[in-house]
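Order of appearance sets the numbers: ligands from 1, and atoms from 1 within every ligand.
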Amino acid sequence: MTTRRNFLGAGGAITGAVAAAAVSRVAMAALPEPASQTKPDTMGPLVPNTGRPYNPVVTLNGWTLPWRMNNGVKEFHLVAEPVVREMAPGFKAHLWGYNGQSPGPTIEVVEGDRVRIFVTNQLPEHTSVHWHGQRVPNGMDGVSGLTQKAIEPRKTFVYEFVARRPGTFMYHPHADEMAQMAMGMMGFWVTHPKDRHALIDSVDRDFVFLLNAYDIEPGSYTPKIMTMLDFNLWTFNSRIFPGIDSMNVRRGDRVRIRIGNLTMTNHPIHIHGHEFQVTGTDGGPTPKSARWHEVTTDVGVGQMRQVEFIADEEGDWAFHCHKSHHTMNAMGHNVPTMIGVDHREIVKKITNVIPDYMVMGERGMADMSEMPMPLPDNTAPMMTGQGPFGALEMGGMFTTVKVRRDQKPGDYRDPGWYKHPPGTVAYEFQGELPPARRASPGSGNAQVEVQVRKPTGHSEH
Ligand SMILES: [Cu+2]
């Protein structure tokens, strides 16, 4: 296989226009065939067949980019391009991404690897790629205008460096960053340690995903890129629950989950049924003396966290952002809080004018997950997802860790819903109920029962 570098070396003193023509033709011929993905499914681990061995990660609703070895250099080809991302079944978004999907494919290498990444720009505007968190020569840092010229449309640039530091990283443009990240341009990067590492344990399952947020009006397909705070789609790897796959593990597995945040706000990521430790950030492995058990860890803007736990409790355990607005899907943000408001009189009046007027939210918002309300053509219900016991009333940044004793090592398939052993599920009390305590007019505290309509201008989530 001839590389551009070798060709120039062998060609000796070629000059001027001849050199330019030769370079571009040979460079094109030397480009690795770009791999592309059309599906939003979780691809199994890509076991390395060249280079140093490692235990590969699994990207939630994503995939790992294949490479080719070229004289000891790992070569990857990223293509920045418009993509159609299915965010949930029946809901598609027109995003920008890499190699057919948003986020782009995960890149996995080993500490000490020399990597060469060809980046072809098929976007309508210039771009660049920044290798977030990594030690690279300054000119490879991907900040357009500062460390390189922007990659113009239909041009290919080459980044080349040694992956010096093992850890959890990401990549994203550093050119028209606001628009390009709002459109979904980002990807995960994992550098595995080359030897046993005192602070990096080997694990049985290693999941990765990015947190991202979009503002797509119900019925439309393209994110609004000027939005700074008022996003309506909170996603794991550009998917919303129930479109997010579960993380399926074998009981007793040591599980690592790596999360990067490229939204405009922080996300307290929460696990049920287990305690995890933060074992590393994009700054590197966390010293053992600085680790403690948590069930929630905050992932700040532009930060990455890797958490680890032993999955020793069987079941379907929720794993989600703890900001309750982030486990909702597209909603009209100006929906007032209607809890406690009695609509009976007003509804009579309205239905005279609008016969199918529907009241929502009188008893809380849970009604909305079961309401067969017609939705605009391309959107997702606000809260949804059916479990074995009914509606989950969750959307957005929510998934589950499914722990099973009979999940085979290396098997990532969804085992279905957990079958609870008899007598281990919360049940309805069948005995005598005490009378409800309720304030009544004249009792002196009637004014405690307030009928409120709260203002709901969300400026911050
Ligand atoms: Cu969140």
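Our summary of the site lists the angle at the Cu ion (ligand 1) between ND1 of H267 and ND1 of H326 as 100°, to the nearest 10 degrees.
At least one N, O or S atom of C321 sits under 2.8 Å from the Cu ion (ligand 1). Backbone or side-chain N, O or S atoms of H322 do not reach the Cu ion (ligand 1) at under 2.8 Å.
Summarising the geometry of G184 relative to S102, their closest heavy-atom pair is O-OG, 2.8 Å, with the distance given to 0.1 Å.
N121 and H126 share no side-chain donor-acceptor pair at under 3.5 Å. Judged by distance alone, the side chains of T147 and N138 never bring a donor and an acceptor atom under 3.5 Å apart.
Relative to the six-membered ring of Y412, R205 meets both conditions, a distance below 6.0 Å and an angle of at most 45° to the axis.
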